[in-house]
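Convention: sequence-line order gives letters A, B, ...; per-chain numbering from 1. Computation of the quantities below employed the complete heavy-atom set of this structure, encompassing side-chain atoms and omitting hydrogens, waters and symmetry-equivalent molecules.
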Amino acid sequence: MKRKLPLIIVLVTGIFGVLTYIIPHPIIQDTDAVFRNDILRVIGAFSIVLGIGSILRHHFIKIKRKAEHWGYSWITVVALFVSAIIGLFGGIDPTRPGLLPTQVGGFSFHIQSLFTGLIVPLGSTMFALLAFFMASAAYRAFRARNLEATLLLVSAFILMLGAVPLTRMIVRELPSFAEWILAVPNTAAKRGIGFGISLGILATSLKIILGIERGWLGGGE
Amino acid sequence: MNLATDPWVWVAAIMTLAVFSFLYKENPFYRAAEHLFVGVSNGYFITFTWHRVLVPSLIDPVGHGQKLWLILAAIVGALYFTRFIPKISWLVRIPIAIFLGYGSGMSLLRSVEAGIIAQVKATIVTRATFANWQAGLWALIILVGVVCTITYFFFSAERKGVLKPISYVGIIFVMVGFGASFGYTVMARISLFIGRLQFLLGDWLGLIR
Amino acid sequence: MALSCIVALLLCTLPPPGGVAARDVPNDAGGKIAVTWTRSPDGSVINYRVLRQAEGATEWDTIGMAGRLASRYFDEGAGNGTPYRYKVLAEADTLQGESEPSGYAKAAPQWFNTGRIPSIIGTALILVIFLYTFQQARRGAKMFIRRIAGLDAVEEALGRATEMGRPTLYVPGLSTIDDVATIASLNILGEVAKKTAKFGTPLIVPNRDPIVYTVAREVVKESYASVGRPDAFNPDSVFFLTDQQFAYAAAVDGIMLREKPATNFLIGMFWAESLILAETGAISGAVQIAGTDAVSQLPFFITACDYTLIGEELYAASAYISREPLRLGAIKGQDYNKLIILALILGGTLLALAVDIRITDIL
Amino acid sequence: MAASGSAGRKGFWERLQRIDRRWIYLVIWLVVMVPLIKPFPIKPVASPPVQQMFSYIDSMPEDKALIISVDYSPDTQAELHPMTLALLRHAFATDRRVGLVATTVYGLGLGEDALREVKREFDSVATRHEDSVISGEDFIFWGWTTPLLTMMLGMGERITNVFPVDYYGARTESLPMTRHVKNYNDVGILVSVAGSSMPISWVAYAQTQFGLRIGCGTTAVSAADYYTYLNSGQFTGMLAGMRGAAEYEQLTREKMDRLGMTWRVRNRGTEAMSSQTAAHIAIILFIVVGNIGYFATRRRKS
């Protein structure tokens, strides 16, 4: 029961997932729409409680044990509660205020202000770190150690040269050669890898539906 | 200099600098920004789930006496919490099984159609491909590359005999392709940094106008 | 022609669209009728107005507009089983040209999408092969699997972490549980956790998806139990961080430089954060084993990590480490299917070059 | 440094091999920041897709309008916003009517921002009423509406039906420009500036149904996927990434100079191009130096 029931559910929902693709009849399609838009969304929402519980627990343990850097854990905990309270009670639409006022004078602390003022700059700066990491990774890894590494290096090099106006003027063919590398060898490699990936996805999906893959059941009976 | 007056611009600028300070080394300034980021993004996650998922998909309809079967979905969702009750903790497998089974079933035929059939069609070279000899030649090179790359991924045979040179050509294609992807992405990533600097130097400090 | 134009002008009309036909849209959920026509020869037409009349009704209702280049319109408001007929009006600024009505058509839902037949046949063929190799594996047939460099390194990398007395970090990708790469990653996590349990190395598993977090936790717990070390499982070692992509990356970066894991596993589905994580890991001096089926992120893992599982190797990995017969059977099945794909590509090309056919005719 | 000189060249290369990554970061930071503050003159040479779009807009009949669809959001602003600005300048300089639409809410703020900036440039040098840029006469900012399909198809029949009032709240029926721009028949080209796949949606609906000409402005990352649309003629020209923006800015600059409009504007794409180029050259040099060092140290070891 404890293992069988979940395996039966996997089989049934798996077959249902397949049917949505081949049966256009509303009996299947409408059920699928309800399943996806209502049922899965509602079920998924509950897992978030577990997630939030986990991150809070992680930091409370650090605080309790006074683990290294435990003081910073307070920042996460306080920021989480404050922003959740602002969001839950202040509403999500700035034009329709909730129970909690989110404006003091000209200063707004609405959840959308937190989003644009904190989450967006923090996120896009993390993203921008890539400009530096690309440079350092290229410096370390692009060495002509063997044929494979040399090819990696040379084709990256050509693409980068193609982006510099000066070299574009000197070697007129460079940009189109760079495009050719993207369009021909690059496509071939990606497509070849893609076949293997699709087969791997198929095999794994099949193993799950048939109950061969059971690691996700976790421990116990 | 034309400093910004909007407090949120200042907050954003300080956060931007805190993250960039990571490039020098991991430091208290970054650590604080990182912990704040995790906290606020979770607060936003909670808000979004409540206002955009639970209220419209569960609380509103059920509150108005509609779609009462949604309560059943809520009960299944609540099974996640059985994890904390050792005796019935296996029930947590039920909601997981629903997601897992449905996801696997959805991907089964779709990955055959998009990942295999469509790609086989795209790779086969026909006489029509040679209407333009150059296009035909490139298509042949792609064909060779695909065949060799697939060969590289054979697991159940040792790379010996004819497999060895073929899979070696495969890895050559892979490396050339990956190098190209890397080189091509550099421009976009630098643009991201330029965007942040334009914010710092322009919107915040007012140095570039 | 000139004469007809003059006549048309005199009557304040445009040459009307011709050949209006209506028929049920196949392979759909019903409620939809396709109306087709040949365009009016007049160049000044701005758009076409589509009119509908249910059988027995006297009124013609406008149901929609189509652009001047359109010769098809989908009536998505048709009731199933009701016969309708259609007229199409060509419209310019002040002129109109009205077509003859079409024949009657009824909308109906279908039970089977015939457009999916090729993929059903393809899937069936592939599945039969998998079922065959699973069967072989069950019977205990010997399954050979060649060396995969990145996976041979797992043991050594974990050993290194133990020697140095430092933890092991395992990032199971940033995607959800219904992403197959995540499942593959969780399988590898199971094997890695067994080894960390044996070696007594602390394991850190931060998660981005709450559902993946719940599964990852079960998987690790099970691994510790299966090697007889249930007591060594630290429930706080598997945790959820945040759902926001870059907040997650920021936090994992912090973990890498503060906890200084000796070994990092970056396995599963990744997006742009791949290089942020991999490069920070390289800075921290950890041995890094990455694996993903996100083809666009592979170049970054290859440049910044010590070992990278490329695409399908990610799916082969859990079979390779665990040597479990059924998993090995799946690998064998994948290889047979690759042979078929190769045969299709090469055979199809030879055929298409020998005789002049289009691929759409055979597949 | 002096010590390494006496230790000989090999010691220098060896050290360079293991140079602290932070020096690399510092170089990247400087080569990007310095040109932003003090741009060095760099003359972008227009690539064929950019030239194609520019030439088409430049030579389309006077009575045809240009529509810019602002389809991006702040996260791709650095690459895409300069394109919108350059397109607006080109159109106003050559007396073309311009319509602006947004397919996302984010596009509203960005579109308004672009119009304000370019309008100010032209108005500040205008000596007569006709020379200034006037909302409703020279351009209309229709704004944003949903659903997407209704908007893309509806504009082909009658734009005022889709947008009864413009972004600023004026009744579109009463605007002078509406007399000349009623639907897609009065539009020479629509340029979709997007970080998403919106240009393809424009092709799928507005082009296949109404034959509307579509141009595309996109990020460097997405451009690779769009070349097929360019080759098939579905796109009339394409601006790819910051470089595409810079090239269009250059063509517009040259055109405006020929027309005697020599005032200075802030060409953000070109500005960023100096940074972009400097960073590329820096990374290329890193790779070259890294490899020289690699071979120098390897030779010594063997």
Colleague: Which heavy atom in A240(D) sits nearest to a heavy atom in M83(D), and how many Å separate them?
Modeller: C-CE, 4.3 Å
Colleague: Looking only at side-chain N and O atoms, does T219(D) offer a donor or acceptor that is under 3.5 Å from a partner on E79(D)?
Modeller: no
Colleague: Does the separation of the ring centres of Y25(D) and F22(B) fall below 6.0 angstrom?
Modeller: no
Colleague: Between Y205(D) and I200(D), does the side chain to side chain contact (heavy atoms under 4.5 Å, CB included) criterion hold? Intermediate values first, please.
Modeller: CA-CA 9 Å; Y205(D) 298 111; I200(D) 295 172; over 6 Å; no
Colleague: Can R264(D) and E121(D) be counted as an ion pair, charged N to O under 4.0 angstrom?
Modeller: no
Colleague: What part of Y24(B) gets closer than 4.5 Å to chain D, counting heavy atoms only: side chain, backbone, both or neither?
Modeller: both
Colleague: Check each atom of L201(B) against the heavy atoms of chain D and say whether the ones under 4.5 Å are side chain, backbone, both or neither.
Modeller: side chain
Colleague: Which heavy atom of S222(D) sits nearest a heavy atom of G195(D), and at what distance?
Modeller: OG-O, 3.9 Å
Colleague: Any idea how H90(D) and F54(D) line up, ring-wise: parallel (<30°), tilted (30 to 60°), or perpendicular (>60°)?
Modeller: parallel
Colleague: Compute both the distance and the angle, then confirm whether R253(D) meets the cation-pi test with Y248(D): under 6.0 Å from the six-membered ring centre, within 45 degrees of the axis.
Modeller: no
Colleague: Do F193(B) and W29(D) have ring centroids that are under 6.0 Å from one another?
Modeller: yes
Colleague: Which residues in residues 25-53 of chain B have any heavy atom closer than 4.5 Å to a heavy atom of chain D?
Modeller: K25(B)
Colleague: Using a cut-off of under 4.5 Å on heavy-atom pairs, state which of M242(D), Q276(D), R22(D) scores highest against chain B.
Modeller: Q276(D)
Colleague: In terms of heavy-atom pairs under 4.5 Å with chain D, which of V186(B), T185(B), L192(B), I194(B) leads?
Modeller: I194(B)
Colleague: Can you tell me which portion of F199(B) sits under 4.5 Å from chain D's heavy atoms? Options are side chain, backbone, both or neither.
Modeller: neither
Colleague: Of all of G195(B), A188(B), S191(B), G183(B), which one pairs up most often with chain D through heavy atoms under 4.5 Å apart?
Modeller: S191(B)
Colleague: Looking just at side-chain N and O atoms, do E112(D) and Y167(D) make a donor-acceptor pair shorter than 3.5 Å?
Modeller: yes
Colleague: Given heavy-atom pairs under 4.5 angstrom as the criterion, report whether the side chain, backbone, both or neither of I283(D) touches chain B.
Modeller: side chain
Colleague: With a 4.5 angstrom heavy-atom cut-off, which part of Q77(D) approaches chain B: side chain, backbone, both or neither?
Modeller: neither
Colleague: So what's closer than 4.5 Å to chain B heavy atoms on R21(D): side chain, backbone, both or neither?
Modeller: side chain
